[in-house]
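Remember, it's a predicted structure, so these values are computed and weren't measured experimentally. Indexing begins at 1, ligand by ligand and atom by atom, following the structure's order.
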Amino acid sequence: MLKFGGITYQRSTVKRLVRYYRVLAIETSCDDACVTLLDRFSKTEAPTVIDERKVTLDSTSAGGVVPTDAANHNRKNISVLVNKMIVENKWNTPGTKPDVICATRGPGMVGSLAGGYQLALGLSVAWQIPLVGVNHMLGHLLVVRMKTNGMEPKYPFLSLLVSGGHTMCVLSESLTEHEILVDTVDIAAGDALDKCGRELGISGNMIGKETEAFINQFKDELEKPVDIMVKEPMLNQWDRKDILQYSFASFNSQVKNTLKKFYNSEIPNDDIIKARLLYNFQKVIFQHMISKIKLAIKQHDLKVENFVCSGGVSSNFYLRKMLEEQLEPAGIKKFYFPEPKLCTDNATMIGWAGIELFESGYATELGTTVVRKWPITQLFELEGWKKELID
Ligand code: AMP
Ligand code: ZN
């Protein structure tokens with residue numbers, strides 16, 4: 001039996017005869033209002049995704065995410081989306097409502113997070129069901145384990161979490177033990193890709209993705225030479241050696257300097273030249289990530305065989321290829337990448353991480369609030385956890 005807040009959940013003894021529990025998952029840490037309904041039919045098979053949707057703020061004209069706009073967007077959309085999905089999937093009839101709610105509690109933009117988390121608290125009170133306040137980065141980290149019902153990758157595994165807001169290399173020893181081996185001292189890689197793409201004339205709501213699509217039109221042309229000035233940051237110099245840190249802030253000015261030196265400070269008209277420039281900037285950004293992972297493996301003398309790459313940028317084909325080519329010789333035997341829709345922010349990953357936590361006995365108190373900063377290394381140092389009986 002599984003007990004939380006005085007409620008006993010029935011464990012499925014006969015497969016598919018008795019449902020284990022249903023999960024409503026909510027993610028609103030940035031500019032997406034995301035909801036997923038997961039059916040945890042049994043503990044021995046992966047949960048079924050009944051429905052997953054997201055409503056994204058269009059920031060094309062603003063040239064980036066404006067926090068107050070994102071907060072308003074999430075607050076306006078999340079209750080409508082939850083209601084729609086609950087009604088359309090008939091989870092609103094007696095005996096069909098969710099049994100557990102998982103919602104992102106941090107890290108992220110406080111105004112954005114609050115939209116989803118407050119709704120989750122409210123529903124938890126109204127339905128008298130447990131709430132799990134999930135760490136957003138844990139969601140990215142664990143989502144690849146969902147389709148094997150937590151069987152793979154086994155711990156320990158190494159991860160590159162690379163998104164619009166974060167870039168870090170993490171060593172995970174268990175659900176609750178994570179060590180950040182490399183972190184960024186300034187902006188995230190996704191942010192740098194977006195800035196470089198914008199500087200070179202790419203537009204849209206997700207510039208990194210648009211850049212990849214643009215480059216792909218000129219696949220056979222990319223390796224040919226082009227006038228460019230770009231180099232990896234944080235390389236060894238006379239006064240510093242083997243630094244385990246990322247830095248992506250310089251790439252924007254490296255693009256500007258390239259345009260100034262070779263292209264009269266203008267975006268080249270020739271799309272092939274443009275594609276080669278974008279390709280090369282992207283490649284060096286990826287190389288910076290991988291160089292530091294190799295260094296971390298060497299410095300820590302890691303014997304880890306499983307590698308996860310997750311977060312919005314991880315859907316990039318070129319990045320995946322470079323990781324496989326360069327990390328295999330460093331001892332990595334198996335690579336795990338989420339399917340593209342689970343790379344960017346989504347509520348499914350929050351639902352799955354919440355399930356892993358819940359089944360390890362964790363839930364979150366009422367009266368808790370969202371947090372802007374919540375390092376994955378301090379998952380349980382945040383107040384408001386309650387650990388209850390799981391047999
Ligand atoms: P996230 O913060 O996890 O939602 O991811 C968003 C970030 O991922 C943005 O910076 C996007 O530009 C970037 N991104 C999404 N798809 C791709 C892609 N295929 N290649 C490179 N970057 C991408
Ligand atoms: Zn994210």
Original post:
Taking atom SG of Cys309 and atom CE of Met289, what is their separation to the nearest 0.5 Å?
Top reply: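 Here the rounded value is 7.5 Å.
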Original post:
CG of Leu342 to CE of Met146: how many Å apart, nearest 0.5 Å?
Top reply: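 The distance works out to 6.0 Å.
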For [X], counting its heavy atoms only, list the atoms of ligand 1 lying under 4.0 Å from any of them.
| X | result |
| --- | --- |
| Gly190 | 10 (O) |
| Ser315 | 16 (N), 17 (C), 18 (C), 19 (N) |
| Glu212 | 18 (C), 19 (N), 20 (N) |
| Lys209 | 16 (N), 17 (C), 18 (C), 19 (N), 23 (C) |

Original post:
Are there more than 12 heavy atoms of other residues, nucleotides or ligands under 6.0 Å from atom CG of Asn269?
Top reply: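 Not more than 12 within 6.0 Å, no.
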Original post:
Should the proximity of Val313 to ligand 1, defined as any heavy atom under 4.0 Å, be assigned to the side chain, the backbone, both, or neither?
Top reply: both
Which heavy atom of the protein is the closest neighbour of [atom], given with residue, atom name and distance?
| atom | result |
| --- | --- |
| atom 7 (C) of ligand 1 | Gly164 N, 3.5 Å |
| atom 11 (C) of ligand 1 | Met206 CG, 3.3 Å |
| atom 20 (N) of ligand 1 | Asn316 ND2, 2.9 Å |
| atom 12 (O) of ligand 1 | Asp194 OD1, 2.5 Å |
| atom 4 (O) of ligand 1 | Asp345 N, 3.3 Å |

Original post:
Of all residues at least two apart in sequence or in a different chain, which pass the side-chain hydrogen bond (donor to acceptor under 3.5 Å, both in side chains) check with Ser250?
Top reply: Gln254
Original post:
Does Lys274 make a cation-pi contact with Phe214, if we ask for NZ or CZ under 6.0 Å from the ring centre and within 45° of the axis?
Top reply: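 Yes, cation above the ring, under 6.0 Å and within 45°.
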Subject >> Arg22 charged N/C atom sitting above Trp91 aromatic ring, 6.0 Å / 45° >> reply: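 The answer is yes, since Arg22 meets both limits relative to Trp91.
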Original post:
Hydrophobic clusters join Ile, Leu, Val, Met, Phe, Trp and Tyr when side-chain heavy atoms are under 4.5 Å apart, directly or via other members; which others share one with Leu57?
Top reply: none
Original post:
Do Tyr362 and Phe380 make the cut of ring centroids closer than 6.0 angstrom?
Top reply: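 Ring centroids of Tyr362 and Phe380 are less than 6.0 Å from each other.
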Subject >> Phe281 ring center within less than 6.0 Å of Tyr279 ring center >> reply: no
Original post:
Do Lys292 and Gln245 have side-chain N/O donor and acceptor atoms under 3.5 Å apart?
Top reply: no
**OP:** Give a yes-or-no answer on whether the side chains of Asp32 and His73 include a donor-acceptor pair shorter than 3.5 Å.
**Re:**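 Side-chain D/A pair, Asp32 to His73: absent.
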**OP:** Check each of Gly312, Gly204, Pro340 against atom 3 (O) of ligand 1 and report the one with the nearest heavy atom.
**Re:** Gly312
Subject >> Protein N, O or S within less than 2.8 Å of the Zn ion (ligand 2), waters excluded >> reply: His136 NE2, His140 NE2, Asp345 OD1
Original post:
Hey, does Phe286 come in under 3.5 Å of ligand 1, counting only N/O atoms on both sides?
Top reply: no
Original post:
Which pairs with one or both residues in residues 119-136 pass salt bridge (charged side-chain N to carboxylate O under 4.0 Å, His left out), sequence neighbours excluded?
Top reply: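 Applying salt bridge (charged side-chain N to carboxylate O under 4.0 Å, His left out) to every pair that reaches into residues 119-136, excluding sequence neighbours, yields nothing.
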